[in-house]
Number of protein chains: 4
Amino acid sequence: MRVGIGVRGAKTGEQTKHQQRTEATRSALLDAAKRIFARDGFEAARIEDIAGATGHTRGAFYAHFNSKVDLFFALFEQETGERLRGLRSIMEQYPSSDGRLRALRKFYVGRASDRQWAMLALEFKLFAWRHPKLRARLARTHRRIREALKLETISQLIPELMKVGRQSREVRRVALEAVLNGLVLEHAYDPEAISQTQAIAVLGRMFDVLMAAKQHAANGSF
Amino acid sequence: MRVGIGVRGAKTGEQTKHQQRTEATRSALLDAAKRIFARDGFEAARIEDIAGATGHTRGAFYAHFNSKVDLFFALFEQETGERLRGLRSIMEQYPSSDGRLRALRKFYVGRASDRQWAMLALEFKLFAWRHPKLRARLARTHRRIREALKLETISQLIPELMKVGRQSREVRRVALEAVLNGLVLEHAYDPEAISQTQAIAVLGRMFDVLMAAKQHAANGSF
Amino acid sequence: MRVGIGVRGAKTGEQTKHQQRTEATRSALLDAAKRIFARDGFEAARIEDIAGATGHTRGAFYAHFNSKVDLFFALFEQETGERLRGLRSIMEQYPSSDGRLRALRKFYVGRASDRQWAMLALEFKLFAWRHPKLRARLARTHRRIREALKLETISQLIPELMKVGRQSREVRRVALEAVLNGLVLEHAYDPEAISQTQAIAVLGRMFDVLMAAKQHAANGSF
Amino acid sequence: MRVGIGVRGAKTGEQTKHQQRTEATRSALLDAAKRIFARDGFEAARIEDIAGATGHTRGAFYAHFNSKVDLFFALFEQETGERLRGLRSIMEQYPSSDGRLRALRKFYVGRASDRQWAMLALEFKLFAWRHPKLRARLARTHRRIREALKLETISQLIPELMKVGRQSREVRRVALEAVLNGLVLEHAYDPEAISQTQAIAVLGRMFDVLMAAKQHAANGSF
DNA sequence: CATGAATGAGATTTCATTCAT
DNA sequence: CATGAATGAAATCTCATTCAT
């Protein structure tokens with residue numbers, strides 16, 4: 001579907017503008033969806049609100065997406081990809097594996113400030129759990145992104161993490177994900193019970209516990 | 001069971017058949033609600049399904065609860081209370097503070113197997129976050145239950161936990177809650193990424209890290 | 001069904017009290033119905049409100065009446081009868097036909113202060129119009145009451161009114177009814193547009209116009 | 001009908017097909033509502049019947065009105081406006097104040113044949129009385145229409161009516177309204193008690209009594 | 001006679017989706 | 001591509017009525 005540069009050149013002016021506008025609308029819809037799905041949850045989010053937030057009506061939405069679920073998947077793909085790309089690019093900036101570990105920690109801890117994403121992540125997971133038929137599709141999307149980004153190489157960039165088995169690495173990743181989402185939710189639920197600063201501190205601690213090299217040998221449970 | 005002598009004890013503990021039926025139905029509705037709210041989430045849960053699961057019609061539901069939200073609150077109250085009472089009664093069974101700490105750990109880790117409750121807890125928190133106006137009501141209910149159970153005494157039963165400030169205790173409790181809920185969700189979302197055994201292992205580790213006495217002095221961040 | 005005095009005498013004490021209580025409940029229900037039907041209208045009036053206003057529950061209502069419609073009819077019968085009896089007894093107090101006419105005027109004008117009855121009358125008429133099948137029943141009830149009270153004699157008590165045909169008398173009666181109900185509604189709707197005093201003044205004027213003897217000969221249209 | 005030259009006049013009087021359809025549907029809904037509210041009353045009228053009468057579904061109804069109450073208000077506005085405009089245009093056709101008074105009488109008496117409107121008027125007033133919170137809104141709408149039409153000028157067009165105070169004029173108007181609605185209801189309730197011809201005769205008489213110039217001086221009561 | 005739990009029909013309203021324009 | 005009118009399914013909630021107690 002993508003029109004190559006050469007071809008596009010034929011009617012450059014209009015075509016491009018048209019395409020740009022189209023792309024801009026789609027992009028705006030995704031942005032609005034991000035905000036509104038995070039705010040209201042998948043079920044309570046209304047197509048009209050999402051379209052309205054971009055200054056369009058429902059029709060515009062259906063010109064770009066087939067259904068609410070379709071949008072949800074597209075959002076999942078975009079956001080997941082974005083975060084993984086961000087992580088990857090950060091990793092690549094550091095030559096030493098030590099620096100990479102520190103950068104990873106910073107990246108991880110920093111995500112505690114992105115409540116929107118944490119809420120979205122919760123929604124994605126709840127949705128997948130509650131819609132077994134669509135779950136495979138989400139999983140496929142996830143895998144595709146990871147493969148496209150050759151994310152395996154990320155952990156390979158930190159040799160210390162390689163000392164343990166593949167499964168254990170995955171478990172630790174998932175555990176961190178769990179802690180992150182859980183903490184953000186608790187903070188959102190009751191900011192007085194745990195402040196953002198406190199959540200961040202706990203998060204860092206968890207990271208250290210789960211990722212510090214020395215721990216791996218000592219504890220064989222995961 | 002009969003308390004009075006022939007007189008149907010209006011003010012005794014006895015119940016008429018009406019009252020018995022009332023209580024039975026209400027209880028059945030709450031049970032069904034627990035299952036269905038956990039399974040479908042607050043928004044997607046249908047009153048009809050909840051009523052139907054008890055063998056009644058929607059009308060019966062409205063004889064016991066004013067609205068879906070009302071039921072949700074009643075469920076919150078019942079379940080939260082139940083868990084806190086369980087915790088309290090466990091604590092009271094152990095004479096030594098050491099035994100109590102071990103029991104607390106076991107209780108905590110064991111909750112990883114109760115997916116239903118974890119999902120409910122997520123729903124309660126998401127709901128509270130998304131309905132600011134009702135949030136205060138949930139919080140009030142929560143506080144009332146804790147006070148009724150004199151839950152403060154629980155941490156007092158474990159002197160080691162008292163060495164640190166009140167706030168820090170609360171933060172650690174919330175953090176554990178977060179980890180628990182997060183892990184259960186991750187496991188539900190993708191059981192292959194983290195098995196129940198693995199989740200339990202991580203959970204125990206987190207408990208040790210957050211609750212072990214020695215840690216408190218060393219780390220002043222929370 | 002009515003138990004004669006002799007029979008009732010057998011178990012006088014209890015029986016009578018029981019009957020009294022029964023009758024009192026029924027009476028209370030009718031009283032509450034009067035208020036609530038007038039206030040909310042037939043459709044919006046709730047059985048529960050009516051029963052509740054007497055301190056009872058729905059069950060008590062259904063022990064005395066078969067249905068909402070049934071109650072409505074009973075109320076119609078009671079209220080209509082009451083008013084006609086009142087009118088009759090007033091008429092009978094005056095020896096001269098002139099005095100009777102003045103009393104009739106006073107009675108008529110005074111009804112402007114009884115908003116409740118006017119609203120009920122509106123409801124009865126609207127109901128009858130909207131439920132053709134039940135209309136006959138209402139009409140029968142009405143006729144029965146009038147006949148039981150030999151109301152025809154009332155107009156016979158004012159010879160001046162007899163100078164014109166039967167139909168014309170009826171038309172004037174209905175017209176006065178219409179003016180009365182219409183004015184009460186207008187006053188209820190917007191008390192600033194027409195005060196009670198003003199409504200009463202208009203009402204008296206209408207009475208004079210429609211009932212004054214001299215008019216009858218002059219105007220043959222009704 | 002085309003105003004612009006080829007250009008679809010967004011700011012001209014022209015309408016797109018969309019707008020035409022919108023207006024047509026809305027109009028049809030109001031027409032159906034008029035019939036059904038008059039027939040069944042506000043409470044008993046079902047949205048489904050109203051929508052169905054236009055060949056649409058309930059959904060279409062909600063694309064045009066927010067609620068049943070909203071529709072009721074729109075209908076009130078339309079119908080009240082229509083009648084006042086009709087009155088105004090009739091008044092303007094007559095040069096002499098005498099002719100205008102006769103036309104006013106004819107207009108008023110003629111309304112006795114419009115049972116639908118009389119029933120609607122009753123419903124509006126009952127509704128307003130029974131919903132104090134919405135009453136202000138109805139009153140505001142009414143006032144707005146009257147002001148937009150400069151209805152004050154109508155009575156100014158008949159100098160005889162000006163001889164008496166403003167309040168008195170209003171009272172007489174309201175009284176006529178009351179008589180009209182009351183008579184139509186009585187006729188609907190029991191056509192045999194008062195025929196349409198008879199109702200019209202009474203109506204004319206009332207008009208003469210309340211509006212005839214000579215009366216004003218003689219009777220100071222209203 | 002009276003209670004009140006339960007029914008069940010129906011009412012209003014919401015919203016994802018379709019389709020003519 | 002975008003509008004917005006309309007659909008239609010479903011959801012929550014109400015209430016007259018029934019019936020076991």
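Per chain, numbering begins at 1; letters A, B, ... match sequence-line order.
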Could you check whether D/R137 pairs with D/D70 (Lys NZ or Arg NE/NH1/NH2 to Asp/Glu carboxylate O, under 4.0 Å)? yes
Examine [N]: is either OP1 or OP2 under 4.0 Å from a nitrogen or oxygen in the side chain of [X]? Give yes or no.
X	N	answer
C/S67	F/dA16	no
B/T22	E/dA5	yes
C/H56	E/dG4	no
C/H64	E/dA2	yes

Taking the side chain from B/K34 and the backbone from B/L120, do they hold a donor-acceptor pair closer than 3.5 Å? no
Counting distance only, does the side-chain N/O of A/E43 pair as donor-acceptor with the main-chain N or O of B/A44 below 3.5 Å? no
Please check if the distance between the ring centroids of D/F124 and D/F72 is under 6.0 Å. yes
Would you mind reading off the distance between [X] atom [atom1] and [N] atom [atom2], rounded to a whole angstrom?
X	N	atom1	atom2	value
C/D49	F/dA16	CG	C1'	13 Å
A/I47	F/dT3	CD1	C1'	16 Å
B/L29	F/dT12	CG	P	14 Å
B/F42	F/dA11	CZ	P	14 Å
B/L71	F/dC13	CG	P	11 Å
C/E48	E/dA5	CD	C1'	12 Å
A/F61	E/dC19	CZ	C1'	16 Å
D/E43	F/dA16	CD	C1'	15 Å

What I'd like to find out is whether the side chain of C/F127 reaches to under 4.5 Å of the side chain of C/V69, using heavy atoms alone. yes
E/dC15, E/dT3, F/dC1: which one has an atom nearest the side-chain heavy atoms of A/R46? E/dC15
When you get a sec, tell me which of E/dA2, E/dT18, F/dA6 is the closest nucleotide to the side chain of A/Y62? E/dT18
Nearest-nucleotide comparison on DNA chain F, the residue closer to the 5′ end among B/A45 and C/N66: B/A45
In terms of the nearest nucleotide of DNA chain F, which residue is placed more toward the 5' end: C/V69 or D/G55? D/G55
Side-chain-base donor-acceptor pair under 3.5 Å for C/R58 and F/dT17: yes
According to the Watson-Crick and G-U wobble definitions, with both distances under 3.5 Å, which nucleotide is paired to F/dA20? E/dT3
